[in-house]
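Predicted model only: the values in this text are computed from it and were never measured. Chain letters run A, B, ... following the sequence lines, proteins first, then strands; residues in each count from 1.
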Amino acid sequence: MPPKRKAAAATGSRPSKRVASGVNTPVSMGSSDDEYMSDDPDDYTPQNDDYEETVKKFQPSSYRSKNPRPQESDQATRLFRSDKELSSLELKPDHAVRPLWLDPEKGRIVVETFSPSFKQAQNFLINIAEPQSRTTNVHEYTITGHSLFAAVSVGLTTDDIIRQLEVFSKTKLPDSLKEFIFTSTQSYGKIRLVLKHNRYYIESQDASVLQMLLRDPVVGPARIHETDELIQEKAPQLGGLVIPGTKDAAGDDDDDDEDEDDKKDEAEQDMTAYLRDEDDDDEGDEVHSFEIDGEKIQAVQQQCNVTLGLPLTNEYDFRNDDINANLDIDLRPMAQIRYYQEHALSKMFGNGRARSGIIVLPCGAGKTLVGITAACTVKKSAIVLCTSAMSAYQWKNEFLKWSNINPDDIAIFTSGEKEKLNQRAGIIVCTYSMVTQNTRRAHDSQQVMDFIQNREWGLMVLDEVHVVPAEMFRRVTSKIRSHSKLGLTATLLREDDKIKDLNFLIGPKLYEANWLQLSEEGHIARVQCAEVWCPMTTEFYGEYLKARTTNKRSLLSTMNPRKFQACQFLIDYHEKRGDKIIVFSDNVYALEKYAKRLKKPYIYGDTPQREREMVLQNFQQNESVRTIFLSKIGDTSLDLPEATCLIQVSSHYGNDEGFNAFFYSLVSKDTNEMYYSSKRQAFLVDQGYSFKVITHLTGIDKVEGLHFRDTSSRMELLEDVLMAGEESGSGPKGKPGVRRTAGALSEYAGGKDMAYIEYNKSRNKELKKNKPTSKFFKDIQRTNEKRKAAAKADM
DNA sequence: TATCTCGCAA
DNA sequence: ACCCATGCGAGATA
């Protein structure tokens with residue numbers, strides 16, 4: 001889908017900034033005059049050029065560069081030196097040029113972002129640790145068993161990890177940490193989960209490990225054949241492998257496509273070398289195994305991963321699989337794999353097999369193409385799981401576009417469409433819910449489901465894989481038998497802590513793109529995030545305090561007239577500079593109110609498809625439609641590349657829409673919204689975005705036709721809101737159909753008083769969010785119009 | 001084919 | 001460290 005993105009979304013080649021200068025400043029900020037003003041100026045953040053230079057010069061053995069910001073270092077030093085656990089650790093004499101602080105007890109790592117070797121350290125850490133937070137001056141990571149498993153899975157050795165850490169650390173590596181890394185990594189990669197003839201086996205070169213496993217109260221009973229003998233056989237051999245579309249991923253003979261742009265960095269080359277080495281090494285002579293009940297693999301995997309600390313590796317030696325039919329599929333020559341996509345794929349196929357795991361790529365960076373290329377590499381039957389029917393269509397279309405697959409060999413399986421697939425090999429694209437549904441199935445649905453469950457799949461692609469830990473969706477991993485699983489997502493953040501389950505449900509994180517780098521190179525959009533704090537009016541705040549239900553309160557906060565005005569101002573401001581604006585509200589009542597009063601089109605759940613299409617088409621093509629209001633429709637899979645500004649009026653969840661330029665979140669001060677805002681901030685920061693807090697919108701007074709300037713109009717609004725709050729909770733719930741109509745009129749009056757503060761000055765943030773393709777509209781149309789006919793005609 | 005009910009996710 | 005609401009997929013019904 002990368003190519004479908006419009007101009008802003010980077011078709012690759014040009015790393016230039018596509019955002020006009022000046023775009024970096026959201027609205028013009030008021031004077032930063034109040035006490036919130038942050039006191040850590042950003043001016044000593046190294047500039048990119050210098051920075052690059054410095055990094056280049058930096059060599060682990062020659063620490064000539066001097067710490068560019070000693071005061072920071074001193075601060076951090078004090079911080080850590082005061083910690084009793086750390087006080088015993090001796091600083092290296094040249095600690096100033098080394099970026100890492102280690103907390104051996106908690107496995108915590110703090111990186112100084114201003115260090116000359118920050119980038120190198122970051123590239124390394126992303127492979128061995130889990131990112132915890134990113135602030136201006138320090139990033140925090142944690143080393144865990146899982147993160148080390150991921151590191152090992154991708155080819156790093158115990159030695160590599162310890163050696164590199166030692167290089168970057170300000171102190172001598174504590175023995176306890178070394179010990180932890182050593183013991184953790186030693187046990188990894190010892191046992192594998194293997195699918196063969198539609199049965200699952202646990203396999204190892206070390207029979208004693210298997211015997212030990214069999215004594216486990218969870219694993220033991222899951223064994224199927226109760227003979228005491230382990231199965232023993234020859235280990236398969238590997239050979240060279242070429243990933244289609246890449247230069248020469250595994251480094252042997254021939255190839256089809258050529259791929260010019262390539263920015264393989266050294267680290268990556270090294271990595272490939274590691275992979276090869278390991279691969280040669282671990283080709284043992286024979287392996288032992290025992291069969292386990294397919295129904296119990298989830299429990300077994302969890303037990304091994306969590307309790308025993310012996311995660312099961314999933315690798316599929318697809319080239320030596322002569323049981324499952326080959327699929328005739330290749331990338332078309334036009335398909336250009338970008339360097340980071342290639343890196344991701346080389347992590348997956350680095351040792352000539354398909355290893356199961358997760359690839360994290362920002363939206364618009366081309367996740368679909370990665371999935372398709374994986375399928376073209378394995379060349380066996382593949383099943384793709386999507387969160388929505390629309391997304392399923394997009395996947396199928398992308399397959400047809402980027403690969404030469406015979407249209408008869410790819411089928412959609414959703415509630416609306418049950419396409420047939422021939423018996424040999426093929427690709428099925430379906431929704432998670434179609435597969436995981438527990439209730440009665442329609443007849444044809446059951447047929448396809450049987451087909452799916454009886455087949456031994458070579459590859460399972462799990463789109464938006466962060467949804468998989470959900471109770472319902474996680475069933476896919478046990479219902480469908482697949483030799484390998486590839487999870488794709490833009491974010492591994494969830495509200496709960498279930499994201500960890502992906503380690504045994506799918507596999508370790510194989511690759512995570514560096515958003516900063518991608519955005520610098522123009523592969524994904526840059527974003528400016530800002531939070532606008534809007535004081536409540538006295539009338540509204542009075543009612544707010546009186547309100548009993550949270551529902552009513554949230555309605556009052558989102559309908560806060562000053563927030564409305566801020567919204568109006570921002571729309572006005574950005575329309576004038578030529579932006580296309582999407583205003584988002586998850587409250588339908590507010591959505592409608594705002595939109596109607598500002599005379600903007602809006603779409604929400606009950607908006608008929610036909611009307612959605614109209615509105616969206618106009619937004620995309622009609623110059624005069626610059627702003628639309630959306631509810632949470634398209635939470636999954638709405639992508640409007642032309643939007644350059646997002647304003648969020650009401651949303652409880654951190655929401656990760658990807659935008660090309662601006663992202664505002666409007667928050668009513670002193671309300672619950674503030675409470676939630678900290679969560680949102682954390683989310684944005686974790687995503688790598690920086691954001692600002694704006695407490696004053698300069699020039700808001702001057703907006704022509706600014707609504708709610710006078711008290712009477714505000715009172716009028718208040719009454720309306722209170723009424724809505726009464727009936728059936730929050731207004732627009734109850735029956736779809738009875739929507740309140742907007743009040744009328746707009747008045748004029750005085751502005752606000754807010755001051756601007758910069759919250760997290762930090763570096764540029766990026767934004768990234770993942771949405772499949774851009775043809776949202778077309779696909780809806782297609783779906784609706786003719787599930788069958790249109791699909792055919794189109795293809 | 002259109003519209004309803006239901007369950008689920010975050 | 002909200003809770004709910006909202007939206008959607010799937011099946012059933014006419």
Distance below 4.0 Å between A/Lys632 side-chain N/O and C/dC4 OP1 or OP2
no

Scan the side chains in residues 441-452 of chain A for donor-acceptor partners under 3.5 Å anywhere in the protein, sequence neighbours excluded, and list what turns up.
from, atom 1, to, atom 2, distance (Å)
A/Arg441, NE, A/Ser445, OG, 3.3
A/Arg441, NH1, A/Gln437, O, 3.2
A/Arg441, NH2, A/Met434, O, 2.2
A/Gln446, NE2, A/Asp450, OD1, 2.8

To the nearest angstrom, the CG-P distance between A/Asp586 and C/dC8 comes to 13 Å

Qualifying residues under ring-ring contact (aromatic ring centres under 6.0 Å, His included), relative to A/Phe540, sequence neighbours excluded
none

Interatomic distance, A/Met434 CE vs C/dG9 P [rounded to whole Å]
12 Å

Nearest-Å distance, CG (A/Asn438) to P (B/dC6)?
18 Å

Go through C/dG9, C/dG7, C/dG11 for me and flag the one nearest to the A/Ser631 side chain.
C/dG7

Of the listed nucleotides (C/dC4, C/dC8, C/dG7), which one gets closest to any side-chain atom of A/Arg612?
C/dC8

Test of understanding: with salt bridge (charged side-chain N to carboxylate O under 4.0 Å, His left out), list the residues that count as partners of A/Asp501, not counting sequence neighbours.
A/Arg474

What does the list of N/O pairs under 3.5 Å between the protein and nucleotides 7-9 of chain B look like, with a distance for each?
from, atom 1, to, atom 2, distance (Å)
B/dA9, OP1, A/Met472, N, 2.9

Are more than 12 heavy atoms, taken from residues, nucleotides or ligands other than A/Lys479, located less than 6.0 Å from that residue's NZ atom?
yes

Within 45° of the axis and under 6.0 Å from the centre of the six-membered ring of A/Phe584, does NZ or CZ of A/Lys632 qualify?
no

Can you work out whether A/Tyr432 or A/Thr550 has the more 5'-proximal nearest nucleotide on DNA chain C?
A/Thr550

Those residues that, when tested against A/Lys600, pass salt bridge (charged side-chain N to carboxylate O under 4.0 Å, His left out) (two or more places apart)
A/Glu575

Restricting to ring-ring contact (aromatic ring centres under 6.0 Å, His included), what partner residues turn up for A/Tyr544, sequence neighbours left out?
A/Tyr541

What's A/Lys418 touching, base or sugar-phosphate or nothing? Going by heavy atoms closer than 4.0 Å.
sugar-phosphate

Presence of A/Thr387 side-chain N/O under 4.0 Å of C/dG9 phosphate oxygens OP1/OP2
no

Nearest to side-chain heavy atoms of A/Val588, which nucleotide of C/dT6, C/dG11, C/dC4:
C/dT6

Rounded to whole Å, how long is the line connecting atom CD of A/Glu673 with atom P of C/dC3?
18 Å

Please report, rounded to the nearest Å, how far the C1' atom of C/dC2 is from the CG atom of A/Asp496.
14 Å

Using whole Å, report how far CZ of A/Arg553 lies from P of C/dC2.
17 Å

Just to verify, what does A/Phe413 make a ring-ring contact (aromatic ring centres under 6.0 Å, His included) with, not counting sequence neighbours?
none

Basic-acidic side-chain contact under 4.0 Å: A/Glu130, A/Lys509:
no

Tell me, please, which residues at least two apart from A/Tyr432 pass ring-ring contact (aromatic ring centres under 6.0 Å, His included).
A/Phe473

Taking atom C1' of C/dA1 as reference, at what distance in whole Å does atom CG of A/Asn672 sit?
12 Å

Here the distance between atom C1' of C/dG7 and atom CG of A/Asn587, to the nearest Å, is 14 Å

Under 3.5 Å, N/O pairs linking protein and nucleotides 12-14 of chain C:
none

